[in-house]
Peer 1: 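If you scroll down you'll find the structure; I have some questions about it.
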Amino acid sequence: MISERLTGALVIRTALAAETETIADLHVRARSAYCPDGLPQADFDRAEDWRACIERPDGHVLCAVAQGRIAGIASFRTPDGAPADTVRLFQFHVDPAHWRSGIGTALHQACVEEWQADGKRTAVLDVPADDARAQAFCARQGWIADPHNPPAEGGHHLFLRFAVPGK
């Protein structure tokens with residue numbers, strides 16, 4: 001498991017439960033920047049949701065720390081009912097102040113390394129159909145349209161698949 005990975009001035013490590021408020025704030029800033037209609041479920045306790053993700057024994061939450069501050073987060077696990085060699089990237093956010101700085105690429109690479117260490121062969125995720133920036137980022141990382149899960153007619157999300165490289 002990746003407990004800490006140093007990349008230049010960037011540290012990628014496992015998130016701590018004590019950081020849930022900071023992580024939830026980053027999540028809100030990132031989502032607000034790419035959700036034209038605002039955030040759904042305004043009364044939703046994001047900090048508690050992130051705490052549950054961090055404390056979940058079958059899940060992983062990584063954070064990218066730049067200059068002593070959390071600048072990116074990723075949450076993943078094997079979804080219920082999925083094959084053991086499949087992982088779903090549930091959340092992946094970079095603070096908008098750090099977009100296009102390499103943090104997302106480094107965080108994604110740390111996820112891939114964890115998936116390799118965990119024996120995962122396939123990763124899946126969904127991205128908003130109207131978020132061209134996220135789709136372009138995913139394409140640069142090697143994600144492709146999931147042939148097993150095409151978007152629904154008029155759907156709001158695209159489903160992507162990533163072949164985790166073997167070691």
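Heavy atoms only: backbone and side chains are in, while hydrogens, waters and symmetry mates are out. For reference, positions follow the sequence shown, starting with 1. Bear in mind that the values here come from a model prediction, so they are computed numbers and not experimental data.
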Peer 1: Evaluate the side-chain proximity of Arg13 to Leu62: yes if any heavy-atom separation is below 4.5 Å, no if none is.
Peer 2: no
Peer 1: Does Glu114 reach the side chain of His60, with side-chain heavy atoms less than 4.5 Å apart?
Peer 2: yes
Peer 1: Is there a donor-acceptor pair under 3.5 Å between the side chain of Gln116 and the backbone N or O of Pro165?
Peer 2: yes
Peer 1: Roughly how far apart are Thr22 OG1 and Leu16 CG, rounded to 0.5 Å?
Peer 2: 10.5 Å
Peer 1: For atom CZ of Arg133, is the number of surrounding heavy atoms from other residues, nucleotides or ligands below 6.0 Å larger than 12?
Peer 2: yes
Peer 1: Taking Lys120 for the side chain and Ala84 for the main chain, is one N or O donor matched with an acceptor at less than 3.5 Å?
Peer 2: yes
Peer 1: Examine Val112 and Ile12 and state if one hydrophobic cluster contains both, with Ile, Leu, Val, Met, Phe, Trp and Tyr joined whenever side-chain heavy atoms are less than 4.5 Å apart.
Peer 2: yes
Peer 1: Which residue is it: Gln91, Glu55, His27, Glu21? I am looking for the one with a side-chain hydrogen bond (donor to acceptor under 3.5 Å, both in side chains) to Trp50.
Peer 2: His27
Peer 1: Any carboxylate oxygen within less than 4.0 angstrom of a Lys/Arg side-chain nitrogen, looking at Arg56 and Asp58?
Peer 2: yes
Peer 1: Within a strict 4.5 Å, meaning less than it, do heavy atoms of the Pro150 and Phe159 side chains meet?
Peer 2: no
Peer 1: Any chance you could measure Leu158, atom CG, to Asp130, atom CG, to the nearest 0.5 Å?
Peer 2: 9.0 Å
Peer 1: If I take atom CD1 from residue Ile70 and atom NE2 from residue His93, how far apart are they, to the nearest 0.5 angstrom?
Peer 2: 13.5 Å
Peer 1: To the nearest 0.5 Å, what is the distance between CZ on Phe162 and SG on Cys111?
Peer 2: 10.0 Å
Peer 1: Among side-chain atoms of His108 and Trp143, is any donor-acceptor pair under 3.5 angstrom?
Peer 2: yes
Peer 1: Between Trp115 and Val87 (side chain of the first, backbone of the second, donor and acceptor by atom type, cut-off under 3.5 Å), is there such a pair?
Peer 2: no
Peer 1: Are Arg161 and Asp146 within salt-bridge range, i.e. N to O under 4.0 Å?
Peer 2: yes
Peer 1: Kindly say whether Cys138 contributes a backbone atom to a donor-acceptor pair with the side chain of Gln141 at under 3.5 angstrom?
Peer 2: no
Peer 1: Using a 3.5 Å distance criterion without hydrogens, assess whether the side chain of Glu19 forms a donor-acceptor pair with backbone atoms of Cys63.
Peer 2: no
Peer 1: Check the surroundings of atom CZ in Arg100: do more than 12 heavy atoms from other residues, nucleotides or ligands lie under 6.0 Å from it?
Peer 2: no
Peer 1: Looking at Arg88 and Asp126, does any basic side-chain N land under 4.0 Å from a carboxylate oxygen?
Peer 2: yes
Peer 1: Are the side chain of Thr78 and the backbone N or O of Thr86 linked by a donor-acceptor pair below 3.5 Å?
Peer 2: yes
Peer 1: Quick one: do Leu107 and Trp99 end up in the same hydrophobic cluster if we chain Ile, Leu, Val, Met, Phe, Trp and Tyr together by side-chain heavy atoms under 4.5 Å apart?
Peer 2: yes
Peer 1: With a 6.0 Å cut-off on ring centres, are Phe92 and Phe137 close enough?
Peer 2: yes
